[in-house]
2 protein chains.
Amino acid sequence: MVSQINGSVVKAFQILQLFEPGRPELTAAIAAEKLGMNMVTAHRFLRTLELTGAVVAVSRGAYQLGFTLVDLGERAANQTNLSNVVQPVLEDLTATVEESSMASLFDGEKAVCIARAVAARPLFVDVKKGSRLEAYCTAHGKLWLAHLPEDQLARYLDTVELRPMNSSRSITREELVEELASVRAEGLSFNRGEREAEINAVAVPVLSRSGKMICGISVFGATGRMTDAAMQSFIAPMRSAAARVEALLYGPGAAATSSSESGIDT
Amino acid sequence: MVSQINGSVVKAFQILQLFEPGRPELTAAIAAEKLGMNMVTAHRFLRTLELTGAVVAVSRGAYQLGFTLVDLGERAANQTNLSNVVQPVLEDLTATVEESSMASLFDGEKAVCIARAVAARPLFVDVKKGSRLEAYCTAHGKLWLAHLPEDQLARYLDTVELRPMNSSRSITREELVEELASVRAEGLSFNRGEREAEINAVAVPVLSRSGKMICGISVFGATGRMTDAAMQSFIAPMRSAAARVEALLYGPGAAATSSSESGIDT
DNA sequence: CACATCATTTCTATATTAGAAATACTAATT
DNA sequence: AATTAGTATTTCTAATATAGAAATGATGTG
């Protein structure tokens, strides 16, 4: 045995994971059924979780996720230095594809660079940690826009001015919306000289277990080398880089929330 | 005994609570010392929490909060219908002070009304659920601005135009900043006819365990009745309303994160 | 290089938990 | 309004899972 695992704690988290979108409330009966445990046991777990503040009773026997988890989640988000997590992954990625790479967050308007790895080949791009990239004309930006809730996207489109960043022709709102649909569908976005004439880029998202976009990862370089074929060939290593970041954030044992029967027994 | 409490789960959450601001990483030794448990036990809890994804190992024996908690926190935040939680509290508050009350969130620019209770006395204010109130000239807005991180406040002040909403004279940026400092210090803000000439308001924040502002609660009414003395007398019931909301969000047992020795020792 | 510190494993006694059965609520149906 | 059905909740007890002592392994320091 590697290390004695505390079954109660595991079960407690299994119960918390039952609060999926679409099931805001949980009762002992449902938890017991879903996890194959006795209802008495499920009830006791819910009571214990209530004591810790992880769930809150909303009516007799019905529980909701509690704000203690919101607090913990925020602490986790703040303490996780995403830059540091992503940095080594970017370096490996750049070593593999032999082009520069970077990672981004979104500030509501632009994509913000949080880490980057420069390829051996010199490149004249001024992007560094903290740089804010126009959203509508960058691979990162389009990825973020594609993952935005409808209303927020509409608000963005209402306020942004889609002017061409270089000599290339400007994009219309309709064209952008259409492109974002396919970006969302494929989980992949491109930038073909839209921000800087001589720079192409591909970007993929790092996703949370629930499908929310955590950060973007891109590979970019001179248009001469970053042909469509080259970019296509980068996709696989980029996806695995994204998967590595996800693993670093969530830990090893945390398999996807498959729910249904159970998973761990004894 | 009310209900058998699962000690392991309680301990697991005690460990998670040890990740306070300033302590991003935790080791078995520290957890054991802080909670008065055996190091072996602490180690096993950390391993179990790692399995659930609640913490992630960053180096031998050192753990950080994991992204599973970020996900859970988001679910908790989304599933908690703050409006419904606050509504009954507002109604009680309004019944007590005999003036209208409302609760707000902040969308980055304005205070958004999420619930309200109208007093028996008729009032000609057009605020309803969803209404967005200018921040710099309302009690709610100023409360939110006062709780904003410095950089975000600076950005707000750079973009907003501080024009008077009615015949009253306009406020300067300096005056506003000064007022916000005292709002923050007192956890209390006023609006004396700044948005609508004949309406005064007082607002207090609902805070998270870690001090983050969750929502604002205000009482407002015609200037004739809402004298300074009256508003002062409303503060106590407003504070207790805020405390009630906090209790509803966090549950009963979740005492403030006092840390130090322990708390539960069966 | 040896020591000290801390992480990790092994082993076992015992405290804790899981479940059966009984009891208390609550709500739906007639 | 009364009966019933379906859950929630409590009580009690056996057996399991956990806590801790001691041993071992890793890591970094004087």
Side-chain angles (χ1 to χ4, degrees), chain A residues 1-16 18-19 23-52 54-66 251-253 261-266, chain B residues 1-16 18-19 23-52 54-66 251-253 261-266:
Chain A
M1 184 188 294
V2 195
S3 187
Q4 206 177 73
I5 293 301
N6 187 310
S8 294
V9 175
V10 173
K11 283 176 206 154
F13 274 90
Q14 287 180 320
I15 288 182
L16 291 179
L18 291 178
F19 289 92
R23 187 190 288 121
E25 286 185 18
L26 202 60
T27 65
I30 295 174
E33 187 217 322
K34 290 281 172 193
L35 298 177
M37 56 170 61
N38 192 294
M39 190 209 285
V40 180
T41 305
H43 170 248
R44 283 195 281 234
F45 270 105
L46 285 168
R47 289 298 279 264
T48 301
L49 288 169
E50 184 188 14
L51 191 75
T52 67
V55 305
V56 180
V58 289
S59 60
R60 186 185 153 84
Y63 297 86
Q64 277 190 352
L65 289 176
E261 277 319 306
S262 165
I264 289 162
D265 41 18
T266 70
Chain B
M1 183 188 293
V2 195
S3 187
Q4 206 175 74
I5 292 301
N6 188 309
S8 294
V9 175
V10 173
K11 283 176 205 153
F13 274 89
Q14 288 180 319
I15 288 182
L16 291 179
L18 291 177
F19 289 91
R23 187 190 290 122
E25 287 185 16
L26 202 62
T27 65
I30 294 174
E33 187 217 322
K34 290 282 173 193
L35 298 178
M37 55 171 60
N38 192 293
M39 191 208 286
V40 180
T41 305
H43 169 247
R44 285 195 281 236
F45 270 105
L46 284 168
R47 289 298 278 263
T48 302
L49 287 170
E50 184 189 14
L51 191 75
T52 68
V55 305
V56 179
V58 288
S59 61
R60 186 185 154 83
Y63 296 87
Q64 274 188 355
L65 289 176
E261 279 317 306
S262 165
I264 289 162
D265 42 18
T266 60

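Every value quoted in this text rests on a predicted model; they were computed, and no experiment measured them. Residue numbers begin at 1 in each chain, while the letters A, B, ... track the order of the sequences.
- Rounded to the nearest 0.5 angstrom, T52(A) OG1 and R47(A) CZ are separated by 13.0 Å.
- For the helix from dC1(C)-dG30(D) to dT30(C)-dA1(D), the end axes, each set by the C1' atoms of five terminal pairs, are bent relative to each other by 50° (nearest 10°).
- A31(A) and M37(A) get closest at one heavy-atom pair: O-CG, 4.4 Å.
- Although no hydrogens or angles enter the test, the distance criterion places a donor-acceptor pair under 3.5 Å between the side chain of R23(B) and the main chain of L18(B).
- In this structure, L46(B) places its CG atom 13 Å from P of dT9(C), rounding to the nearest Å.
- Nearest to the side chain of F45(B), among dA19(D), dC6(C), dA18(C), sits dA19(D).
- For T48(B), there are no side-chain hydrogen bond (donor to acceptor under 3.5 Å, both in side chains) partners at least two apart in sequence or on another chain.
- The separation between N6(A) atom CG and dA15(C) atom P is 18 Å, rounded to whole Å.
- Residue Q14(A) contributes atom CD, which lies 12 Å from atom P of dA18(C) at whole-angstrom precision.
- For the pair I15(A) CD1 and dT17(C) P, the interatomic distance rounds to 14 Å; values are reported in whole Å.
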### Query
How does each nucleotide of nucleotides 20-30 of chain D score, in 5' to 3' order, for protein heavy atoms under 4.0 Å: base (B), sugar-phosphate only (S), or none (-)?
BSB--BSS---
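- The CZ atom of F45(A) sits 10.5 Å away from atom CG of L16(A), with the distance rounded to the nearest 0.5 Å.
- For the pair E25(B) CD and dC6(C) C1', the computed distance is 15 Å after rounding to whole Å.
- When rounded to the nearest whole Å, the span between CG of L49(B) and P of dT18(D) equals 13 Å.
- In terms of position on DNA chain D, the residue among S8(A) and A28(A) whose nearest nucleotide sits closer to the 5' end is A28(A).
- The side chain of K11(B) has dA19(D) as its nearest neighbour among dA8(D), dA19(D), dC6(C).
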### Task
Assess whether side-chain contact (heavy atoms from CB on, under 4.5 Å) is satisfied between I5(B) and V10(B), documenting all intermediate values.
CA-CA 8 Å; I5(B) 292 301; V10(B) 173; 3.7 Å; yes
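- Looking at every heavy atom in both residues, S3(A) comes nearest to R44(B) through OG-CG, 3.9 Å.
- The closest side-chain heavy-atom distance from K11(A) to I15(A) is not below 4.5 Å.
- Put simply, CZ on R47(A) is 19 Å from P on dT7(D), counting in whole angstrom units.
- The phosphate of dA7(C) has neither OP1 nor OP2 within less than 4.0 Å of any side-chain N or O from H43(B).
- Here the rule is side-chain contact (heavy atoms from CB on, under 4.5 Å) with Y63(A), and of L46(A), L49(A), T27(A), V58(A) only L46(A) fits it.
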